[in-house]
Structure formats: structure tokens, C-alpha cells
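Here's the structure we're looking at; comments come further down.
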Protein chains: 2
Amino acid sequence: MRASDRAYVTLLDEIQSGALAPGTVLGEVEQATRLGVSRTPLREAIGRLVADGLVTQQSPRVTVVTDFDADDIRALFEARRALETMMARLASARGDRSAFRALSEEFTRAHLDSDEAIEAYYALIARFDAALDAAVDNAYLTSALRTIRTHLVRARRLTSDNRGRMQASADEHALIASAVADGDAELAAHATHVHLHNALTAILTSLPEGNR
Amino acid sequence: MRASDRAYVTLLDEIQSGALAPGTVLGEVEQATRLGVSRTPLREAIGRLVADGLVTQQSPRVTVVTDFDADDIRALFEARRALETMMARLASARGDRSAFRALSEEFTRAHLDSDEAIEAYYALIARFDAALDAAVDNAYLTSALRTIRTHLVRARRLTSDNRGRMQASADEHALIASAVADGDAELAAHATHVHLHNALTAILTSLPEGNR
DNA sequence: TTCCCCCTCAGTGTATACACACCGAGAGGA
DNA sequence: TCCTCTCGGTGTGTATACACTGAGGGGGAA
């Protein structure tokens, strides 16, 4: 693995997890020393983070970790809705129906009654997203969504896992997958809309009073 | 202006204009020499182009200008539709109505009967896009759309300006702007859909037979 | 003659040195 | 006392040197 990749992955994780708080100044020498690489690969990593939008060039000489608050979450979900409803529509027209039928059944069967089950549920969602990406086969949509998902990880840290919400989320996913399997584009899109609405509401509700 | 910015802007323009054809291998030393910068800023420029998707790391040791064909145009318009219909909806709810009313009238008045008028029309579209960006005020949507637009420039080179189509496009824009000004989100979204459908059809029609 | 191995070289990845610009502190003058 | 100018320092931007890896060609052996 290249040094620049290591630096990127490390910084990415630290920003997503909140270890590097929004507003933190990222000095090149300081970070390079800390991560044990030279300034050259570190600059490359910072550049990629800037392209991702996770890091901002506040002034020509100072780069900081990008801010992230409730308004960002709302904006993120607007973009997500635009992209994911389109993905649902296109997958309905193009997808491998049996694959989505199987995924739908997996979502239906999911019982989130243990930590392992929750881990497995996250993995299932990842497989569902991958199936959508594969079915739609549109690099531009996939890449835009990838950026959105990168930012979304930051929202998790502001919220708490809510088991009731997760069970409902599984049911919503089951419906989306089922609609895709049936080739029902309208239902798939609208079920995605509903799912995102509920997910956003749950996230905003779980935010501490002052952060909404 | 920094050397890396110069290199980026130059390469960007050459890729968008087709001066650097798809598949062209971009050797660091070769390009750095050609552009009169050292490898360090050139690598930064290449990195940004990779993030944009205009350049691809074909193998660990060779980076090439990303391919671009009719299927890419279709995929691009799918992503564009997802984002722009959402922009239209949100702008309808949030936009400065008088600004869009004025833009709508400008579109209605546009008569594309000279090269200068066409230049002015392109500028008007740019102002319209900027007004949408400002009205929606969503950095994630704007940034995703910015990437899409960057790629879209490449499509222009494959097509020819068609004056009849452009006049129709002006009318379509007038309707979108008018719907936004009226706060009619549904109409704005559907008019955007129609506009993109027509634009895509015109582009694909104008492609040489073998490229469709 | 053909196949395989080794060597060379081209080209990237990283480290480092140097240049330069901006910011802040301190001192001097008004 | 306050404003301004200058000087030093900190940190980025760029150039360059070195290291390493992978590919291609040539030579040797079967």
C-alpha cells in the first residue's frame, strides 16, 4: 500500500469517526510527522479529501476539517433522495430480478435482536447498495452516490443506534427490493423516498436538542 | 496562479476539447515537460482529474484519458436528470421568485439569430444554473452537478450546434424558470425532465451513425 | 528455433531541500 | 498612546534526487 493511500485512509477514518473534529486545522508538517510519511504523499491525501469535500481550504494557507451539522444532514438527504430514487427506478427497469427478490426476502427475515444480527444487517445493506450499483451500471450516478455515502458516515456519529428504527428500516428495504424485483419503478422510487424520509426524521430526532 | 492550477486547467481544457483524445496515455515526465512544470504540481493536477473522473488509472503505472462515448452521454443524462429535477423542485420551494420570473422572460425573449445571440444565450444558461445553485443552497447537490457538467462539456464536441434545437431549448428553459417562479415544483421537475429528454435526443441524433 | 530467465531501463512513489509569501511581533516615530 | 514599518519565522508551493517496481528485450539453454 502506498504511503499516500495510508495517509488518506487514516485521515478519512479520523474525520468520519470524529477523532478529527470539524474545524481542526490540518498543517502539512504536523500531519505528515504524525502519520509517519513525508509531505508529498500527505499533500496527495489532503487533496483527495478536499475533492471529497471532507476538508476545506479555508484560506490559501490553512486547510481545516469541513464543518458538519444538522443542516448538512438535511442537505445530504436531499441529494441522496435525488440519486437513490433514480437508482431505484433504473434498477427496476434493468435489474436482475431474482437477485433483488432474494435480497427482499433477506430483509424480511432480518431480526435485529443481537449485536451480530445488527452487524449482519449493515453488511446486508452494503450488499443491497452494491446490487443497485451493479444493476444500474451508471458510473456517474455511482460515483456521486459514493461521495454522498462518504459524508453520511459522519452523521452516524451524531446519532445513536435505535433498534426499533432499524427494524422498520429493514422492512422498508424489503419493500424497495421487492418493488425492484417486480420491475415496479414508481413503487421502488416512492418506497425509497419514504425510507429516506423516515431515516432522516429518525436521525434528526435523535440529535441532541441544541444540534437540530 | 499556482503551477498545479495551471497544469489542471490546461489538461482539463485539452480533455474537454478533445485535444487530448480518450485513451491518451499521460506520462508524468512527458506532460510535466510539455506544460513547463515539475512533476510535483503535475501529479497534483492529474490527481484532481482522476477525482473528476476525466482521467483513469488504467494500471498502477499508466494513467489515460477516460473514454467517452454515446453510452456515457446516456448515463450522464440519467444522473443529470436525477440531480436537476431535484434542483428544480427545491428551487420552486425556496427560490427568489422575481429572479426566476426575470430569467423566464429573458429566455422567452431570446432570438438566436446571430453568433453573438448564441454566445449570450450560453451566458444566460450559465446565469440560470447559478441562480438554481444559489436558490437550492445545497453544497452536495451543487458539487455533484458540477462534476456532471464537467463531463457534459465533452459531449458538445461530439455534436453540432443546431439552431432550431436551441430555440426550442430556450422555450423549455423559459417554462422551467416560469414554473420555479410560480413555486410549481411538479411542473418545474417535469419540464426539466422534458427538456433533458429533448436535449439528449437531439445530441444522440446529431451523432455520426457509428457512434450511437 | 523456441522458451525461459535475467538484466536493464523507464517511469512512478517518496523524501527532502529550497524558494517564497504571509502573518505577527516588536520597535520606532508621530 | 497609537499607528506603521520592518524583520523574522512559520508554513506552503515547487523542484529535484533517490529508491523501487514492473515490463520488455536479449541472451542462453534445451
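Naming: A, B, ... by sequence-line order, numbering from 1 per chain. Just so it is clear, the model here is predicted, and its values are computed rather than measured. Computation of the quantities below employed the complete heavy-atom set of this structure, encompassing side-chain atoms and omitting hydrogens, waters and symmetry-equivalent molecules.
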Rounded to the nearest angstrom, tell me the gap between atom [atom1] in [X] and atom [atom2] in [N].
X: R2(B); N: dG11(D); atom1: CZ; atom2: P; answer: 18 Å
X: L42(A); N: dG13(D); atom1: CG; atom2: C1'; answer: 14 Å
X: E28(A); N: dC20(C); atom1: CD; atom2: C1'; answer: 14 Å
X: Q58(A); N: dG11(D); atom1: CD; atom2: P; answer: 15 Å
X: E44(B); N: dA15(D); atom1: CD; atom2: C1'; answer: 14 Å
X: M1(B); N: dA21(C); atom1: CE; atom2: P; answer: 17 Å
X: I46(B); N: dG13(C); atom1: CD1; atom2: P; answer: 11 Å

### Task
Check if the side chain of T40(B) and the base of dT16(D) share a donor-acceptor pair of N or O atoms closer than 3.5 Å.
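A donor-acceptor contact between them is present.
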### Task
Describe, in one word, how the ring planes of F128(B) and F100(B) are oriented to each other, choosing from parallel (under 30°), tilted (30 to 60°) and perpendicular (over 60°).
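Correct class here is perpendicular.
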### Query
Parallel under 30°, tilted from 30 to 60°, perpendicular over 60°: which one fits the rings of Y121(A) and H173(A)?
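Because their plane-to-plane angle is over 60°, the rings of Y121(A) and H173(A) count as perpendicular.
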Residue [X], side-chain heavy atoms: nucleotide from [options] that is nearest:
X: R61(B); options: dT12(C), dT14(C), dT21(D); answer: dT21(D)
X: A3(A); options: dG13(C), dT14(D), dT14(C); answer: dT14(C)
X: P41(B); options: dG13(D), dT14(D), dT12(C); answer: dT14(D)
X: R39(A); options: dG11(C), dT16(C), dG11(D); answer: dT16(C)
X: S38(A); options: dT12(D), dG13(C), dA15(C); answer: dA15(C)

### Task
Look at R43(A) and dG13(D) and indicate whether a side-chain polar atom (N or O) is within less than 4.0 Å of OP1 or OP2.
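Affirmative; the distance criterion is met.
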### Task
Please state whether the phosphate of dT14(C), meaning OP1 or OP2, lies under 4.0 angstrom from any side-chain nitrogen or oxygen of S4(A).
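It does, given that an N or O in the side chain of S4(A) lies less than 4.0 Å from OP1 or OP2 of dT14(C).
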### T85(A) and T192(A) side chains, donor-acceptor separation under 3.5 Å
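Judged by distance alone, the side chains do not pair up.
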### Query
Between Y8(B) and D13(B), is any side-chain donor less than 3.5 angstrom from a side-chain acceptor?
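Short answer, no.
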### Query
Contact class for V37(B) (heavy atom, under 4.0 Å): base, sugar-phosphate, or nothing?
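Sugar-phosphate contact only - V37(B) comes under 4.0 Å of backbone atoms but never of a base.
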### Query
Just wondering, do L49(B) and T63(B) contact through their side chains at under 4.5 Å, heavy atoms?
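No, every pair of side-chain atoms sits at 4.5 Å or beyond.
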